[in-house]
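Remarks on the structure that follows.
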There are 2 protein chains.
Amino acid sequence: MISLSEVHDVALRFLGSHDQRYTANRRLIVQALAMADAPLTIDGVTETEPMLALSSTYRNLAVLEEAGVVHRIVTSDDHARFELTEDVTGAHHHHLVCTDCGLVLDVTLPDELEDLLHQSLEAAAKENSFAGAHHRIDLIGLCQSCKP
Amino acid sequence: MISLSEVHDVALRFLGSHDQRYTANRRLIVQALAMADAPLTIDGVTETEPMLALSSTYRNLAVLEEAGVVHRIVTSDDHARFELTEDVTGAHHHHLVCTDCGLVLDVTLPDELEDLLHQSLEAAAKENSFAGAHHRIDLIGLCQSCKP
DNA sequence: GAAGATTTCGAGACTCATTCTCGCTTGCCC
DNA sequence: GGGCAAGCGAGAATGAGTCTCGAAATCTTC
Ligand SMILES: [Zn+2]
Ligand SMILES: [Zn+2]
Ligand SMILES: [Zn+2]
Ligand SMILES: [Zn+2]
């Protein structure tokens, strides 16, 4: 588990290499994401840090995404969700996605399975002249609160 | 490979069990999706079948999705894409997603890998009191046309 | 430290994919 | 054929996300 100050260090470095500052607002966003135990919607971020204006949060999340600090999770839910990238947290993981309330939970899979999957996906990519960057695995279903 | 008339039969059955008719418009949509070699955007569907009005196509795709005939694919791209469900085509598969143009390609993975993955995901779901329905695997990257 | 240059901020206007409305048409049932 | 429920489609409405632009903050140079 990486510490909050380490997260800030990495964020500072990533933003720096993209000629971007690590402003107070951006720091608040990163902190909110680092403290949350699941990916946050925009509203989740601004509720965690009510000082943040909505439009600035949208803009800064885009900047943080561009710099590789933040990852945008798009599901069928209306609101996108955000989390720190694996480059920042150092932990490769995947998601459980609730079709009812949109909740997203993090899970990890065995390394050997990740390896097998990576190989198969690369083979499929080559067959389609596709250049794979990373994979995404979601288990779609119902969370505890939404179960019948 | 399932035939077009079989697809229509299944669609008719699925819609029937949801008290929905299989109208001419819905038939055209299913046909467009069945003939396409990759998931289609709404615009892709109406361009394939120009008789279709936009608002009706949105409505009918929602009905077809509710009936389990059509599957909506949401990515970071602006436009959602649609394909026939695996219950209709009988072929379990996953996707290569281009981050640049939004293109989505179908790929299949080895059965043994699918089994392993299913087991690991079910274990992760149980740990989180999550009820998994199905999984989704995407390889995110760049398609042939968008490669540098 | 001050002036000027550059970047960021944020309230509100704007965009546009998707959904909703509602009068009209289609097709099923008696 | 008449009645009626379902479907149709043009256009209005919605709303998440983006853009605008003057104000505020931060950096640069002297
Ligand atoms: Zn839920
Ligand atoms: Zn995650
Ligand atoms: Zn592409
Ligand atoms: Zn597919």
Side-chain angles (χ1 to χ4, degrees), chain A residues 11-12 14-32 39-67 69-83 99 101-104, chain B residues 8 11-12 14-32 39-67 69-82 99 101-104:
Chain A
L12 176 61
F14 279 30
L15 283 168
S17 69
H18 281 76
D19 292 316
Q20 293 284 346
R21 299 177 188 160
Y22 196 28
T23 64
N25 278 354
R26 292 172 188 172
R27 209 175 274 268
L28 285 176
I29 293 172
V30 167
Q31 177 174 304
L40 293 179
T41 59
I42 286 263
D43 288 348
V45 173
T46 55
E47 279 164 21
T48 307
E49 298 291 348
M51 317 221 52
L52 294 172
L54 196 58
S55 60
S56 299
T57 304
Y58 271 111
R59 176 164 20 75
N60 282 323
L61 278 168
V63 170
L64 290 165
E65 188 183 18
E66 176 67 27
V69 178
V70 158
H71 175 228
R72 180 189 304 248
I73 301 168
V74 178
T75 69
S76 296
D77 192 40
D78 271 345
H79 305 272
R81 286 165 191 257
F82 296 85
E83 65 182 2
T99 49
C101 68
L103 179 71
V104 175
Chain B
H8 283 310
L12 177 61
F14 279 30
L15 283 167
S17 68
H18 281 74
D19 291 316
Q20 294 284 346
R21 299 179 188 159
Y22 197 27
T23 65
N25 277 356
R26 292 172 189 173
R27 209 175 275 268
L28 284 176
I29 293 172
V30 167
Q31 177 175 305
L40 293 180
T41 60
I42 286 264
D43 288 348
V45 173
T46 55
E47 280 163 21
T48 307
E49 298 291 347
M51 317 221 51
L52 294 172
L54 196 57
S55 60
S56 300
T57 304
Y58 272 109
R59 176 164 21 76
N60 283 322
L61 278 169
V63 170
L64 289 165
E65 188 183 16
E66 176 66 27
V69 178
V70 158
H71 175 228
R72 180 189 305 246
I73 301 168
V74 178
T75 69
S76 296
D77 191 41
D78 271 345
H79 305 273
R81 286 167 191 256
F82 296 85
T99 49
C101 67
L103 179 71
V104 175

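Just so we're on the same page: letters track the sequence lines, and every chain starts at 1.
In this entry the distance linking CD of A:Glu66 with P of D:dT18 reads 13 Å, nearest Å. Distance CE (B:Met51) to P (D:dA10): 11 Å, rounded to an integer number of Å. As rounded to whole Å, 11 Å separates atom C1' of D:dT14 from atom CG of A:Asp78. To the nearest angstrom, C1' of C:dT6 lies 7 Å from CZ of A:Arg21. As a whole-Å value, the separation of A:Tyr58 OH from C:dA11 P is 15 Å. If you measure from atom CZ of A:Arg59 to atom C1' of D:dC21, you get 12 Å, rounded to the nearest angstrom. Rounded to whole Å, the distance from CG on B:Asn25 to P on C:dG27 is 11 Å. In this structure, CZ of A:Arg26 is placed 7 Å from C1' of C:dT8, rounded to the nearest angstrom.
Contact annotation: the side chain of B:Arg72 approaches that of B:Val74 to within less than 4.5 Å [non-hydrogen atoms, C-beta and beyond]. For the pair A:Glu83/A:Val70, no side-chain contact is recorded, criterion being any heavy-atom separation below 4.5 Å from C-beta on.
With D:dG7, C:dA17, C:dC9 as the choices, the nucleotide that has an atom nearest any side-chain atom of B:His79 turns out to be C:dA17. For B:Ser55, taking side-chain heavy atoms from C-beta onward, the closest of the listed nucleotides C:dT18, D:dA10, C:dG10 is D:dA10. For B:Ile42, the listed nucleotide lying nearest its side chain is C:dT18; candidates were C:dT18, D:dG7, C:dT7. With distances taken from any side-chain atom of A:Ala53 to the nucleotides C:dT19, C:dG10, C:dT8, the minimum falls on C:dG10.
Using a distance-only test at 3.5 Å, with no hydrogens or angles considered, a donor-acceptor pair links the side chain of B:Arg81 to the main chain of B:Gly102. The closest donor-acceptor contact from the side chain of A:Ser56 to the backbone of A:Ala53 lies at 3.5 Å or more, if one exists at all.
Taking the nucleotide of DNA chain C with the nearest heavy atom to each of A:Ser56 and B:Ala62, the more 5' of the two is matched to A:Ser56.
Using a 4.0 Å cut-off, some side-chain N or O of A:Asn60 falls inside it from OP1 or OP2 of C:dC9.
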Steps toward side-chain contact (heavy atoms from CB on, under 4.5 Å) verdict (B:Ile42, B:Phe82): CA-CA 8 Å; B:Ile42 286 264; B:Phe82 296 85; 3.8 Å; yes
